[in-house]
Amino acid sequence: MAVYILTAKELTQKIFNKEPLFILDVRNENDFKDWKIEGHYFEYLNVPYFDLLDGIEEILEEIPSYKEVLVVCAKEGSSIMVADMLSEAGRTVSYLKGGMRAWSEHVEPVKVGDLKGGGEIYQFVRIGKGCLSYMVVANREAVVIDATRMTDIYVDFTEKIGATIAHVFDTHLHADHISGGRSLAEETKATYWLPRKDAKEVEFDYKPLEETVITIGNTDVSIQALYSPGHTIGSTSFIIDKQYLLSGDILFIDSIGRPDLAGMAEDWISDLRETLYKRYKELWDELIVLPAHFMMIDELNEDGSVAKLLSTLFAENHGLNIEDEREFKHLVTDYLPPQPHAYQEIRETNMGKRNPDEEKQREMEIGPNRCAIR
């Protein structure tokens, strides 16, 4: 039997299409428990590669012969060897090209919608890590928000649609992934904006982002910055064309942002509550919320996007419905998930204090995002 290759892009489409898949993950048990490929109808078997060096006979009965089987490892090599063994045993099998490293870095553009003022908004889904970035385009001018370090995706996309990147924003100083904002701005000669209150320790030039309003491409399409602290002291949301609320890491579809990644949880809880229960409450219900992350595959819509009406979130999101302030404080201090992997190193990289090589950046980012409290 032949061994097939499945790319991260092809795997993403299977998730978007809600296709069934059986995954044999041959990483160590702890790595698998911490972070795995999620799909609506995916089944899993985790057996470390070293347990399979003498053959796959002991697990063969656990591998279905009537389902598509994908073998996954960290970087690809081990999965190829296991896939070869399964193929020799008569199974139809594929392996994930580039392994979990490639899965962590894949970014899929999804069109969210058209803008009333003319133009479009796109969501870039980094599905393996749960990161979401955005591009707003009007009259061939583009703005990128919360760019990943894989900046080629934005450059290639604008070339494809015939646009030029004029502005790059970060909603806050990120702690779970390395921002590509500054390098993207340098590459495209765009203006790089960062909230001033998050930038006190940065070692590079930037344009201070406060409650700024810009228009795009000499059109009526506006991007309004809204100060919304709580995840960080400088966290800033964006209202796009009076239709969309880019909430950064303050509000997610099924959770809210954590206030502790700069070691300031006790100080920032009140800011988080005021943003969620006052600043956002004063906005109009018809805004469509576009967060900077998602936690679970169930948060994806049918088209692969992550978006929901603000009014729906106020009705359904538990973090927006805790009237008692003491209970709210209890939620955001006593139910914090583990810190993101290498988060302090990531923060210092985003400040310009570190300059890790590409392989080190990959290592720092491995694993799921952990910016939310649920």
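Just so you know, these numbers come straight off a predicted model, no measurement behind them. Numbers here are sequence positions counted from 1.
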Undergrad: Determine, using the 4.5 Å side-chain heavy-atom cutoff (strictly less than), whether Leu194 and Tyr227 are members of one ILVMFWY cluster.
TA: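 No.
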Undergrad: State plainly whether the residues Glu359 and Arg101 are in salt-bridge range, i.e. N to O under 4.0 Å.
TA: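 Result for this pair is yes, salt bridge flagged.
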Undergrad: Decide yes or no on salt bridge (charged side-chain N to carboxylate O under 4.0 Å, His left out) for Glu203 and Lys353, but give the supporting numbers first.
TA: CA-CA 7 Å; Glu203 298 183 359; Lys353 294 182 175 184; 5.1 Å; no
Undergrad: Would you say CD of Glu61 has more than 12 non-hydrogen atoms from neighbouring residues, nucleotides or ligands within 6.0 angstrom?
TA: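 For Glu61, atom CD is not crowded (no more than 12 foreign heavy atoms under 6.0 Å).
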Undergrad: Is any side-chain heavy atom of Ile250 less than 4.5 Å from a side-chain heavy atom of Leu272?
TA: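 Result yes, sub-4.5 Å side-chain heavy-atom pair found.
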Undergrad: Identify the residue among Arg126, Lys75, Arg149 that makes a salt bridge (charged side-chain N to carboxylate O under 4.0 Å, His left out) with Glu105.
TA: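 Single pass found, and it is Arg149.
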Undergrad: With side chains defined as the heavy atoms from C-beta onward, is the minimum distance between Tyr95 and Val82 less than 4.5 Å?
TA: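 Contact flag for Tyr95/Val82 side chains = no.
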Undergrad: Is the number of heavy atoms from other residues, nucleotides or ligands within 6.0 Å of CG (Asp324) greater than 12?
TA: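 More than 12 within 6.0 Å, yes.
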Undergrad: Is it the case that one hydrophobic cluster holds both Leu24 and Ile5, taking links as side-chain heavy atoms less than 4.5 Å apart, direct or via other members?
TA: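 Yes, Leu24 connects to Ile5 through the hydrophobic network.
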Undergrad: Membership question, hydrophobic clusters at under 4.5 Å side-chain separation (ILVMFWY): are Ile165 and Phe238 in the same one?
TA: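 No; Ile165 is not reachable from Phe238 via cluster members.
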Undergrad: Between Tyr44 and Phe42, how do the two ring planes meet: parallel, tilted or perpendicular, split at 30° and 60°?
TA: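 Aromatic pair Tyr44/Phe42 classed perpendicular.
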Undergrad: Are Phe328 and Tyr277 near enough that their ring centres are under 6.0 Å apart?
TA: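 Between Tyr277 and Phe328, which both carry aromatic rings, the centre distance is below 6.0 Å.
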Undergrad: Decide, yes or no, whether a salt bridge links Arg362 with Glu358 under the criterion of side-chain N to carboxylate O below 4.0 Å.
TA: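 Yes, this pair counts.
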Undergrad: How far apart are the C-alpha atoms of His231 and His293, what are their side-chain angles, what is the distance that settles it, and do they pass the ring pair (Phe, Tyr, Trp, His ring centres under 6.0 Å) test?
TA: CA-CA 13 Å; His231 178 63; His293 287 97; 8.0 Å; no
Undergrad: Could you pull out the closest heavy-atom pair between Ser94 and Leu6, with the gap in Å?
TA: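 The answer is OG-CB, 4.2 Å.
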Undergrad: For the residue pair Asn139 / Thr219, report whether a side-chain donor-acceptor contact shorter than 3.5 Å exists.
TA: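 Distance-only check fails for Thr219 and Asn139.
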Undergrad: Quick check: do Leu290 and Ile121 have side-chain heavy atoms less than 4.5 Å from each other?
TA: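 Counting from C-beta outward, Leu290 and Ile121 do come under 4.5 Å.
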Undergrad: Checking side-chain contact (heavy atoms from CB on, under 4.5 Å) for the pair Leu184/Val155: CA distance, chi angles, key distance, verdict?
TA: CA-CA 8 Å; Leu184 178 62; Val155 175; 3.8 Å; yes
Undergrad: In terms of the angle between their ring planes, are Phe124 and Phe157 parallel, tilted or perpendicular, with boundaries placed at 30° and 60°?
TA: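 Geometry flag for Phe157 against Phe124: perpendicular rings.
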Undergrad: Could you check whether any side-chain N or O of Lys281 sits under 3.5 Å from a backbone N or O of Leu276, counting only pairs where one atom can act as donor and the other as acceptor?
TA: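 No: the side chain of Lys281 does not pair with the backbone of Leu276.
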Undergrad: How about Tyr4: does its OH atom have over 12 heavy atoms from other parts shown lying under 6.0 Å from it?
TA: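 12 or below, so no.
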Undergrad: Starting from the C-alpha separation in whole Å, work towards a yes-or-no answer on side-chain contact (heavy atoms from CB on, under 4.5 Å) for Glu345 and Lys360.
TA: CA-CA 11 Å; Glu345 294 174 84; Lys360 179 62 176 177; 3.6 Å; yes
Undergrad: Could you check whether the rings of His167 and Trp193 sit parallel, tilted or perpendicular, using 30° and 60° as the cut-offs?
TA: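 Taking Trp193 first and then His167, their aromatic rings sit tilted (interplane angle of 30° to 60°).
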Undergrad: Is it the case that the side chains of Thr188 and Tyr154 hold a donor-acceptor pair, with the cut-off being a distance below 3.5 Å and no angle test?
TA: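 No, no side-chain donor-acceptor contact under 3.5 Å.
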Undergrad: Do Ser311 and Glu286 come within less than 4.5 Å of each other through their side chains, counting heavy atoms only?
TA: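 Ser311 vs Glu286: side chains apart.
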Undergrad: Do Glu365 and Ile178 have side chains that get closer than 4.5 Å, going by heavy atoms?
TA: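 In short, these two side chains touch, coming nearer than 4.5 Å.
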Undergrad: What pair of heavy atoms forms the shortest contact from Ala142 to Thr158, and how long is it?
TA: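 Result for this residue pair: CB-CG2, 4.1 Å.
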Undergrad: Is it the case that the side chains of Thr171 and Asp146 hold a donor-acceptor pair, with the cut-off being a distance below 3.5 Å and no angle test?
TA: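 Yes, a side-chain donor-acceptor pair sits under 3.5 Å.
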Undergrad: List the steps, then state whether side-chain hydrogen bond (donor to acceptor under 3.5 Å, both in side chains) holds for Asp170 with Tyr192.
TA: CA-CA 8 Å; Asp170 267 323; Tyr192 176 57; 2.7 Å; yes
Undergrad: Just wondering, are more than 12 heavy atoms of other shown residues or ligands nearer than 6.0 Å to CG in Asp156?
TA: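 Buried by this count: over 12 neighbours within 6.0 Å.
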Undergrad: For the hydrophobic clusters of this structure (ILVMFWY residues joined by side-chain heavy atoms under 4.5 Å, transitively), does one cluster hold both Val93 and Ile59?
TA: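 Yes: a chain of side-chain contacts under 4.5 Å links Val93 to Ile59.
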Undergrad: Flag yes if Ile153 and Val125 sit in one hydrophobic cluster, no otherwise; membership is Ile, Leu, Val, Met, Phe, Trp, Tyr, and two members link when side-chain heavy atoms are under 4.5 Å apart.
TA: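 No, because Ile153 and Val125 fall into different hydrophobic clusters, even though each may have its own neighbours under 4.5 Å.
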Undergrad: Which residue is it: Ile37, Ile80, Val71? I am looking for the one with a side-chain contact (heavy atoms from CB on, under 4.5 Å) to Leu96.
TA: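 Of Ile37, Ile80, Val71, side-chain contact (heavy atoms from CB on, under 4.5 Å) with Leu96 is met by Ile37 alone.
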Undergrad: Count the heavy atoms belonging to other residues, nucleotides or ligands that lie under 6.0 Å from CG of Asp357, then report whether that count exceeds 12.
TA: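 Counting neighbours around CG of Asp357, more than 12 heavy atoms of other residues, nucleotides or ligands fall under 6.0 Å, so yes.
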Undergrad: Compare every heavy atom of Trp268 with every heavy atom of Thr232, then report the nearest pair and how far apart it is.
TA: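 Minimum heavy-atom separation between Thr232 and Trp268: CA-CZ3, 3.4 Å.
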Undergrad: Just do the side-chain hydrogen bond (donor to acceptor under 3.5 Å, both in side chains) check on Ser237 and Tyr280 with the steps written out, would you?
TA: CA-CA 10 Å; Ser237 306; Tyr280 278 5; 2.6 Å; yes
Undergrad: Count the heavy atoms belonging to other residues, nucleotides or ligands that lie under 6.0 Å from CG of Asp220, then report whether that count exceeds 12.
TA: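 Not more than 12 within 6.0 Å, no.
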Undergrad: Near Glu19 CD, under 6.0 Å, is it more than 12 heavy atoms from other residues, nucleotides or ligands?
TA: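 Buried by this count: over 12 neighbours within 6.0 Å.
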Undergrad: Can you tell me if Gln13 has over 12 outside heavy atoms packed within less than 6.0 Å of its CD?
TA: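 For Gln13, atom CD is crowded (more than 12 foreign heavy atoms under 6.0 Å).
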Undergrad: Can a donor-acceptor pair be found, under 3.5 Å and without considering hydrogens, that links the side chain of Asp176 to the backbone of Tyr343?
TA: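 Absent.
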